[in-house]
Q: 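Below you'll find the structure I mean.
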2 protein chains.
Amino acid sequence: MKTNVIYRRAHNQSLDLLARQPVGEALPSEPALAALLGVSRTTVRAVLTALEALGIMATDGRQRRLLRLPCRDDYLDAAGLEPLPEMLERKFMAWMVGPDCRPGAVINGLDLARQFGVSSSAIRECLNKFSHFGLLERQSNGRWRALGLTIDFVEELFDMREVMEFRAVDRFVALPSDHPAWEALAGIRAQHLALLDNFERRYRDFSELDHRFHRIVNGVAPNRFLGNIHGVMSVIFHYHYQWNKKDEKERNHVAALEHLAYIDGLESRDLGKARAASRLHLETARSTLLASIELAV
Amino acid sequence: MKTNVIYRRAHNQSLDLLARQPVGEALPSEPALAALLGVSRTTVRAVLTALEALGIMATDGRQRRLLRLPCRDDYLDAAGLEPLPEMLERKFMAWMVGPDCRPGAVINGLDLARQFGVSSSAIRECLNKFSHFGLLERQSNGRWRALGLTIDFVEELFDMREVMEFRAVDRFVALPSDHPAWEALAGIRAQHLALLDNFERRYRDFSELDHRFHRIVNGVAPNRFLGNIHGVMSVIFHYHYQWNKKDEKERNHVAALEHLAYIDGLESRDLGKARAASRLHLETARSTLLASIELAV
DNA sequence: TTCCTGTTCTTTTTGGATAAAAGACATCTT
DNA sequence: AAGATGTCTTTTATCCAAAAAGAACAGGAA
């Protein structure tokens, strides 16, 4: 049956909210809480019932009153607060880049289901998803074959990334001066400088910044198909580098400087300059990823 | 439970094979038949058992002998010989471009399941697939929203197609003269000429030829992500024009001539010329599709 | 009126059951 | 030895049921 992650998250989030309220205060209405927590009223009602049972809150006619501040014991187990598909994606990706999966091998869905402790339906859905990422392939007999994070894969992925990024650069430099993207670009430049200023302590935050930067650039040339590619890339990067922390600091430092040059290129409105800076950055990223894969092989 | 489409197809295919054999002849071995039909030996054995029960064939020690030629009644019902996912894809796409689905509306999976006479799991899989085509979107609350074959969609799709095709053209003109692609190109040119020669009767075959032509061109710059786009496009074209046969002949005639010019461009090895011909063809296709959508709206 | 609550009905998610198909292995024939 | 067959095991496709979450509606309070 369905997991109740949504309920459990709503429960804990509610406690967080209540912790900031004075005891005796009247609580917001059900619809208000639903909007606040981003869930349906049905879920809110379930949470409220539980809170009442815990003695945190009492229904007084049509009003709810806070009886006491929530304590640590009121919280529901924080483990498994991740939606099943996400959890599975994580586990699967870890398996995929791990030593148990070699490119070209047939994937045994049933076995994976047992290994990950989920049903085979869930595995099936997951495999379907990843096949769109190009990491898997369906054979004629209904089986799945792992393609894996191979050199070829990375080459093709980065070819696409270049197409996507150059297309965006072309459009970016041609934007009118009052376009909001310029402001966003200035903002992200400031964030880069701030990060570099305190690099020793904050270099791990770069991956998040990287994501935002490329989203700003590519946001000016939206295309749902390329958008998918960006998603694939995020997933690949995320999982691959999670297992490959080597040189992370150095890698991020180089990339941050390249981003600044890239931003300069865009702000110069000179297409040639912008393209050159973009190309340089992508080339570095490509060879870095390739090197780290070859290392792993 | 699993459908037995595979079994039923194997059964009918076997009858086709046997119809071409003289009575009394010894039949191929189980593994040989399995390879011939492209199924497992398990399925072959099931078919053979059925054939024996029908009196078409008799097991004589280790050999099987054909007793009589198969007749029409021996064949299994030809209806429903399509794998479920394909059947569903067809129905769904027809629904999607039909009047019951308006862009932006929420899709009711359960209702679709009832309408199409399949389980909601099957619908789920189908929706998942089409969401990767960009025709659907998943909302935060787990529902599906139809995006539909809108102007935006077509624009973005063709933008991608241009990227893909230009990239291929660039590589194509740079191929060495002894590359097999040149021969394939000459072959497809001949097929175009043959089709035009007998256009009145054969113009419906163009769509197949079109597919092959673009596959040859794009085959020189393989990329699994772009390959996906090509797949999307095939599906869109296939279904859209299936419902929109208007001007088909004229449309195909223009496209065939443009293909010839495109082939000339490639064979001239002149990048500028090739690109121009390619661009012209893609522009025509784009505006034709857009016009036919606007007509439908 | 406008918004809240109680109630009921739908829809989605997920695991499990079961038939179909594939694959593995030992044995047997030629 | 090579290949075919009989038997058994594993894996996949598909539907179904039950829990969870969402949505709709009516009646009532502010």
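Per chain, numbering begins at 1; letters A, B, ... match sequence-line order.
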Q: If you check every side-chain atom of Lys2(B), which of dA13(D), dA23(D), dT14(C) has the closest atom?
A: dA13(D)
Q: Given dT14(D), dG6(D), dC15(D), identify the nucleotide with an atom nearest to the side chain of Ala122(B).
A: dC15(D)
Q: Is any side-chain heavy atom of Glu155(A) closer than 4.5 Å to a side-chain heavy atom of Thr150(A)?
A: no
Q: Using a heavy-atom cut-off of 4.0 Å across all strands, would you classify Leu112(B) as base, sugar-phosphate, or nothing?
A: nothing
Q: Of Asp111(B) and Arg41(B), whose closest DNA chain C nucleotide lies nearer the 5' terminus?
A: Asp111(B)
Q: Test Phe92(B) against every option in Phe133(B), Tyr239(B), Phe130(B), Trp144(B) by the ring-ring contact (aromatic ring centres under 6.0 Å, His included) rule and name the one that passes.
A: Phe130(B)
Q: Can you check nucleotides 26-30 of chain C for protein contacts, nitrogen or oxygen pairs under 3.5 Å, and list what you find?
A:
| residue | atom | partner | partner atom | Å |
| --- | --- | --- | --- | --- |
| dT29(C) | O4' | Arg62(B) | NH1 | 3.0 |

Q: Examine the base of dG23(C) for any acceptor or donor lying under 3.5 Å from a partner atom in the side chain of Ser40(B), and report the outcome as yes or no.
A: no
Q: Are Arg8(B) and dA21(C) close enough that a side-chain N or O sits under 4.0 Å from OP1 or OP2?
A: no
Q: Tell me the salt bridge (Lys or Arg N to Asp or Glu O under 4.0 Å) pairs involving residues 125-134 of chain A, sequence neighbours left out?
A: Glu89(A)-Lys129(A), Glu125(A)-Arg124(B)
Q: I want to verify a distance call: between dT12(D), dC15(D), dA21(C), whose nearest atom is closest to the Ser121(B) side chain?
A: dC15(D)
Q: If you define the side chain from C-beta out and look only at heavy atoms, does anything of Met160(A) sit under 4.5 Å from Val232(A)?
A: no
Q: Could you tell me whether the phosphate oxygens of dA21(D), OP1 or OP2, come under 4.0 Å of any side-chain nitrogen or oxygen in Arg45(A)?
A: no
Q: With heavy-atom distances below 4.5 Å as the criterion, would you say the side chains of Asn12(B) and Arg8(B) are in contact?
A: no
Q: Among dT12(C), dT11(D), dA20(C), which is the nearest nucleotide to the side chain of Asn4(B)?
A: dA20(C)
Q: Please give the angle, rounded to 10 degrees, between the axes at the start and the end of the helix from dT1(C)-dA30(D) to dT30(C)-dA1(D), where five pairs define each axis.
A: 30°
Q: Aromatic rings Phe225(B) and Phe153(A): how do their planes relate, parallel, tilted or perpendicular, breaks at 30° and 60°?
A: perpendicular
Q: Could you tell me whether the side chain of Thr43(B) has a donor or acceptor atom within less than 3.5 Å of a complementary atom in the base of dA22(C)?
A: no
Q: Any side-chain N or O of Ser29(A) below 4.0 angstrom from OP1/OP2 of dC4(C)?
A: yes
Q: Would one find a side-chain N or O of Ser119(B) under 4.0 angstrom from OP1 or OP2 of dC15(D)?
A: yes
Q: Name the residue closer to the 5' end of DNA chain C, choosing between Met1(B) and Glu30(A) according to the nucleotide with the nearest heavy atom.
A: Glu30(A)
Q: Of the listed nucleotides (dT5(C), dT11(C), dT11(D)), which one gets closest to any side-chain atom of Asn108(A)?
A: dT11(D)
